[in-house]
Asker: 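My structure is below; once you've seen it, I'll send some questions.
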There are 2 protein chains.
Amino acid sequence: MQSKNDIESLVMHFGEMGSRWGFNRTVGQMLALIVLTEQPLNADQIAASLGVSRGNVSMGIKELQSWRLIRTQSQPGDRKDYFVPNGSIWDLAMQVMIERRKREMDPTLSMLRSHIMQADSDDQSYALSQMQQIHDLLEMFGRWFDDMQKLNPNQLQSLLKLGSSVGKVLDMKDRLFGSKD
Amino acid sequence: MQSKNDIESLVMHFGEMGSRWGFNRTVGQMLALIVLTEQPLNADQIAASLGVSRGNVSMGIKELQSWRLIRTQSQPGDRKDYFVPNGSIWDLAMQVMIERRKREMDPTLSMLRSHIMQADSDDQSYALSQMQQIHDLLEMFGRWFDDMQKLNPNQLQSLLKLGSSVGKVLDMKDRLFGSKD
DNA sequence: TTGTATTTTCAGAAATTTCTGAAAATTCTA
DNA sequence: TAGAATTTTCAGAAATTTCTGAAAATACAA
């Protein structure tokens with residue numbers, strides 16, 4: 001059975017990467033374990049698999065739920081909570097992006113917004129102009145990201161696969177209908 | 001002079017956000033300070049501004065340079081190194097995305113690749129199929145990201161501003177030329 | 001209700017990351 | 001080349017984050 005070792009090494013890898021993705025080692029390992037295991041797992045099984053304390057698993061579950069990456073699935077005839085991924089791989093990836101946008105961009109955007117609003121209207125300082133540029137860029141990315149979520153998954157996938165040839169399509173559109181910017 | 005306090009509070013904010021963006025507090029503060037200050041700054045000035053040790057600033061500079069976010073600019077008649085942002089706000093944002101992709105996606109992609117290659121060809125395990133899906137998704141995003149960088153900044157900006165109406169443009173293209181997927 | 005199974009909480013311990021500051025290394029000038 | 005200016009390094013200290021495990025809280029069954 002090769003896949004046991006496969007799972008184990010990917011779980012370790014997700015642990016190491018965890019902190020780069022916004023959670024800690026245990027949470028990363030838990031996510032990998034739940035995603036790679038076909039059967040729903042309960043907290044004791046997770047703790048035993050990863051060799052960490054029950055309390056740590058409880059905190060990790062809370063974290064993964066706050067990211068909307070896992071959900072409970074009750075098993076008939078068992079009072080324990082069992083956990084499964086909250087959707088397909090695609091769904092999980094989208095969810096990670098949504099949450100990271102919330103945690104990494106939104107606070108900065110609103111801080112910049114309030115600074116810019118409070119500025120004197122005759123303030124032409126370099127710092128303010130830089131803030132304005134950061135703000136505009138973040139806002140543009142945010143809007144674009146919201147818009148992408150409105151596309152249906154098929155449109156989104158075909159856009160992703162289109163890659164840089166989207167440039168040609170855009171040029172074509174502009175030739176046919178004129179550019180507004 | 002309002003902008004002094006503006007700078008200070010944004011520097012503090014970038015410090016707090018730093019760890020979410022992949023660096024530590026001091027590095028985040030240094031980046032904000034350099035980006036918001038019109039004049040090039042030397043290491044002593046940065047240390048004094050932020051109230052941290054000279055050694056810490058030296059390490060922070062190395063880090064920001066490894067992200068290609070700052071560069072030196074020599075001041076005539078001064079032997080000290082002076083630092084400035086390595087390009088426009090847009091350039092810096094792109095650079096952060098490029099580096100994060102390198103640090104957050106590439107290692108996982110190559111680990112998955114090697115697992116999948118080594119798998120027995122008759123392995124139909126759930127875990128392997130999940131790994132394959134994660135791999136394909138990461139690869140698609142990576143390719144798309146590379147492709148986006150090939151667009152010129154104007155095309156890229158117009159794509160961003162187009163938002164979800166890109167769906168309509170895609171549908172139009174498919175009607176005119178047929179869909180390949 | 002009472003007792004049992006299960007989950008959560010959280011104080012302190014352990015692990016990890018960040019920071020300091022003095023010494024070493026490097027770079028430049030004369 | 002010597003010596004002054006500047007930068008880097010890195011061992012240990014400080015700060016922060018993560019983890020444990022026992023106690024408290026909650027949920028359920030009889």
Side-chain angles (χ1 to χ4, degrees), chain A residues 11-34 40-67 69-84 103-104, chain B residues 11-34 40-67 69-84 103-104:
Chain A
V11 165
M12 297 307 288
H13 177 83
F14 269 57
E16 285 165 35
M17 298 299 284
S19 54
R20 298 191 187 176
W21 297 338
F23 21 80
N24 66 36
R25 186 158 49 91
T26 307
V27 172
Q29 291 181 343
M30 288 176 59
L31 179 60
L33 187 64
I34 291 171
L41 295 171
N42 66 43
D44 289 325
Q45 292 173 318
I46 295 171
S49 268
L50 302 181
V52 300
S53 74
R54 185 63 183 67
N56 198 357
V57 169
S58 180
M59 293 186 294
I61 286 168
K62 241 176 59 180
E63 176 82 353
L64 286 170
Q65 281 173 331
S66 87
W67 282 75
L69 292 172
I70 63 173
R71 62 185 176 76
T72 55
Q73 185 172 81
S74 45
Q75 296 287 87
D78 192 335
R79 272 169 59 182
K80 290 196 180 70
D81 284 335
Y82 284 76
F83 298 93
V84 295
R103 294 162 196 234
E104 297 173 10
Chain B
V11 165
M12 297 307 287
H13 177 83
F14 268 57
E16 284 165 35
M17 299 300 284
S19 55
R20 299 192 185 175
W21 298 338
F23 20 79
N24 66 36
R25 185 160 48 91
T26 306
V27 173
Q29 292 180 343
M30 287 174 60
L31 179 59
L33 187 64
I34 291 171
L41 295 172
N42 66 43
D44 289 325
Q45 291 173 319
I46 295 170
S49 268
L50 302 180
V52 299
S53 74
R54 186 61 185 67
N56 198 359
V57 169
S58 181
M59 293 186 293
I61 286 168
K62 240 175 63 178
E63 177 82 353
L64 286 171
Q65 281 173 331
S66 87
W67 282 76
L69 293 172
I70 62 173
R71 61 185 175 79
T72 55
Q73 187 174 78
S74 44
Q75 296 288 86
D78 192 336
R79 271 169 62 180
K80 290 196 180 69
D81 284 334
Y82 283 76
F83 298 93
V84 293
R103 294 161 196 236
E104 297 172 13

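Letters go in sequence order (proteins before strands), and every chain restarts at 1. Side-chain atoms are counted along with the backbone in the values below, which use heavy atoms only and exclude waters and symmetry mates.
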Asker: Nucleotide by nucleotide, 5' to 3', does protein get under 4.0 Å of the base (B), only the sugar-phosphate (S), or neither (-) in nucleotides 14-29 of chain C, counting heavy atoms?
Answerer: ----SBBB-----BB-
Asker: Is there a side-chain polar atom (N or O) of B/Lys62 under 4.0 Å from OP1 or OP2 of D/dT7?
Answerer: no
Asker: What contact category does A/Asp44 fall into here, base, sugar-phosphate, or nothing, at under 4.0 angstrom with non-hydrogen atoms?
Answerer: nothing
Asker: Report the residue from A/Arg71, A/Gln45, A/Gln75, A/Lys80 that forms a side chain to side chain contact (heavy atoms under 4.5 Å, CB included) with A/Pro40.
Answerer: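 Testing each of A/Arg71, A/Gln45, A/Gln75, A/Lys80 against A/Pro40, the sole residue satisfying side chain to side chain contact (heavy atoms under 4.5 Å, CB included) is A/Gln75.
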Asker: Where is the tightest heavy-atom contact between B/Ile34 and B/Ile46, given as atom of each residue plus distance?
Answerer: CD1-CD1, 4.0 Å
Asker: Can you name the closest pair of heavy atoms from A/Arg20 and B/Arg103 and give their distance?
Answerer: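 Reported closest heavy-atom pair: NH1-O, 2.7 Å.
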Asker: Write down the distance between CD1 (B/Ile61) and P (D/dT8), rounded to a whole number of angstrom.
Answerer: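 B/Ile61 atom CD1 is separated from D/dT8 atom P by 7 Å.
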Asker: Of all heavy-atom pairs between A/Gly60 and A/Val27, which one has the smallest distance, and what is that distance?
Answerer: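 So the minimum-distance heavy-atom pair works out to CA-CG2, 3.9 Å.
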Asker: In whole angstrom, what separates B/Glu63's CD from D/dT9's P?
Answerer: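 From B/Glu63 CD to D/dT9 P: 13 Å.
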Asker: Is there a side-chain contact between A/Leu31 and A/Trp21 in this structure, where contact means two heavy atoms from C-beta onward sitting under 4.5 Å apart?
Answerer: no
Asker: Taking CG from B/Asn42 and C1' from D/dT7, how many angstroms apart are they, rounded to a whole number?
Answerer: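 Rounded to whole Å, this separation is 12 Å.
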Asker: Roughly how far, to the nearest 0.5 Å, is OH of A/Tyr82 from CG of A/Leu41?
Answerer: 9.0 Å
